[in-house]
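Once you've had a glance at the structure underneath, I'll fire off some questions.
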Amino acid sequence: MSLSRFSRILTFRNVLTKNNTFRNINCNKAAIRGDQRCLRLLSTQTSPNEEENHSIIKNTEKPTGDITKHEFKAETKMLLDIVAKSLYSEKEVFIRELISNASDALEKFRYLAVSGNETAQNIKDIDRSLEIHILTDKHNRTLTIQDTGVGMSKEELVSNLGIIAKSGSKAFIEQIKEKAAVGDNNIIGQFGVGFYSSFMVADKVEVYSKAVGAETGYRWVSEGTGTYEIQPAEGVQNGTKIIIHLKADCREFADEDTIKNVINKYSNFVGSPLYLNGKKTNVVQPLWLADPKSVTFQQHNDFYRFISGSYDVPRYTLHYKTDVPISIRALLYFPEGKPGLFEMSRETESGVALYTKKILIKNRTDNILPKWLRFVKGVVDSEDIPLNLSRELLQNSALITKLRDVLTARVLKFLQEQLKKNQVEFEKFYKDYGLFIKEGIITNYNQAEKENAANLLLFESSHEEPNKKITLNDYLARAADKRTIYYLAAPSRTLAESSPYYESLKTKKQEVLFCYEPYDELVLMQLQQFKGYKLVSVEKDMREDKNASDLTNLGDDSLKRSEINDLSKWIKEKLGDKVTAVNGTTRLENHPCVVTVEEMAAARHFIRTQSHNISEDRRYAILQPRLEVNPKHPIIKKMYKLMSSDPVLAELLAKQLFANSMVGAGLVDDPRTLLTSMNDLLVKALEKH
Ligand code: ADP
Ligand code: MG
């Protein structure tokens, strides 16, 4: 399964309706014959002669004419080098890659045969069996894979096997190189090195191919070093035959049992009949249509590996069937393995294939699940999807949107069920894939869907032990304040609990969710509300708390209102444009002051990601910090006195307190910048001793 291929192979096919007539398509008789065969091939019933020995692999090819020599493109060379030199523990995956190519070639042929286009009308050999054959030959130490699919013209041999054109950016290859360097054995599977993986086991690879409708066939041959050769050949059969000349230490792949095991492991579900040494080996059976209760664990594991091209097992399996509002038979898997770097990228295609009545419409269909669910692998079959759905329609059809909405809701509900059923297991999933859920909330425009995804969010809470996670729903179930969900972002539990922003809510015993991941606060900021409750960061609450600025009854241990006003004005003067305002506040107890900004999550994100290329002045102008001062705090009271008795020290102190508050708010990217001013302050403070 190649994530690497951005060329999406479209395998739209039209087939016969029940009364054997075509709908909406113009096609010839040959096409109908071809199509009847498609149906036959897709049928799960056993044909009577299945047990008979049936092989198409014959030694008929004879190269003739001029040989042309070609160089592989630079990236291809690099790739071949990586493939040949790396020590893959699972060399066997090359078989899966070649079978998958053969299967693709058959799907393309099937589409061509029934699409009724001009090429199809001119194909003489349209009426052919669509099959994949594998032959092991111990004596000659070869493995041959032949298909009756579309084949390749001379030009296609060059462009498909000589260049990694579509996906082959150098950067991409570099990524593979890195992966190989750290001994990641999965790269072939993950990145779909595809055809080239055969050079892991081969000294030489020979390809005979005849394109649909072509008169001449060609031989392509390479030893996987820098070059390959192409030569016309007689006696080439329709489709493609690949002969792998095995390296001496890979002779096991000329053994029937080895190949059989590998087929069972990865290719059992391939959509066309697969013959090994003349015997049919695969099950062409759509597992997603089976009764969920009848599908075994092992079958799920095998099918998951087959469709995802990975080596792990599913963590969760959703086998789902409905007829309203739209017909859906879905088999969706959530991987056990952690997401790879590649999967993290939003460029990655969906892992879900779309079928209608057992016929593949498109592998990796992008719109049937939202982008953030790209780690879900599986199959969706819907009778309501017309066969002649075009690529444009796949992107814009109301039907697909409906399918997507129903499926998304079902997936979210399913995950919520898993969370309720076994939170410990779900937390493991959340650890690996929580970031995708958060992406889903941040990138979604639909509030209802956002909130559905938010059901899955987990947080620590001020009212729970450390490490115990709760959901937003758990919070709501015991919320005293019926309007607000409070949250606080901090790097750790200790810092959250001692945060000056949290101080007054702590005294009031208000439950607060703690977010330790930088993205969490952005997610909650984006979410804005959940089931009618407003999500409010503790910092914002503090900035907007009108009561806190009421300084009329401060008590004896505090500066008086007029004194605070004087002090605030004086501090503002000294700090200049670094602050928009300085205020007294009653919300602080043990801390002398804090900084508030309009939207703390956005501000911190800005500091983390962009502040380094902006001048200090500009940074403060953007942040617009407000300094909130605690009139009861000994330092503040002392500062008020120093304002007249030792203004130099008072100014150093004011600046230092402000700088400290910026660090406390997480708005300073490098705390080392504080040290110089801190030392100046200490020198001054210690002068008299
Ligand atoms: P991918 O299958 O992801 O495109 P591969 O490296 O496996 O990448 O194959 C490269 C290309 O070579 C395919 O896209 C296809 O065009 C062509 N190809 C490979 N094998 C066959 C085959 N058996 N029949 C026809 N074309 C093939
Ligand atoms: Mg391939």
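Numbering of ligands and ligand atoms starts at 1, following listing order.
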Backbone N or O of R329 within a donor-acceptor pair of the D381 side chain at under 3.5 Å?
no
Could you check whether D255 and T136, counting side-chain N and O atoms only, form a donor-acceptor pair closer than 3.5 Å?
no
Which of the numbered atoms in ligand 1 are below 4.0 angstrom from a heavy atom of L161?
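Ligand 1 atoms under the 4.0 Å threshold to L161: 12 (O).
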Judged on heavy-atom distance to atom 5 (P) of ligand 1, which of F109, F94, F195 sits nearest?
F195
Under 4.0 Å between a Lys/Arg side-chain N and an Asp/Glu carboxylate O for E71 and K77?
yes
For atom 9 (O) of ligand 1, tell me which residue out of V212, N101, T76 has the closest non-hydrogen atom.
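Residue with the shortest heavy-atom distance to the ligand atom: N101.
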Side chains of N140 and T142, donor plus acceptor under 3.5 Å
no
Side chain to side chain donor-acceptor pair (under 3.5 Å) partner of Y208, the single match among R219, Q237, Q146, K241
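Of the listed residues R219, Q237, Q146, K241, the side chain to side chain donor-acceptor pair (under 3.5 Å) partner of Y208 is R219.
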Is E97 close to ligand 1, meaning an N/O of one under 3.5 Å from an N/O of the other?
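Such a contact does not occur with ligand 1.
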Under 3.5 Å: N/O of D147 near N/O of ligand 1:
yes
Salt bridge check, D203 against K247: does any charged N sit closer than 4.0 Å to a carboxylate O?
no
Would N160 count as being in polar contact with ligand 1, using the rule that some N or O on each side must be under 3.5 angstrom apart?
yes
N/O/S of N101 less than 2.8 Å from the Mg ion (ligand 2)?
yes
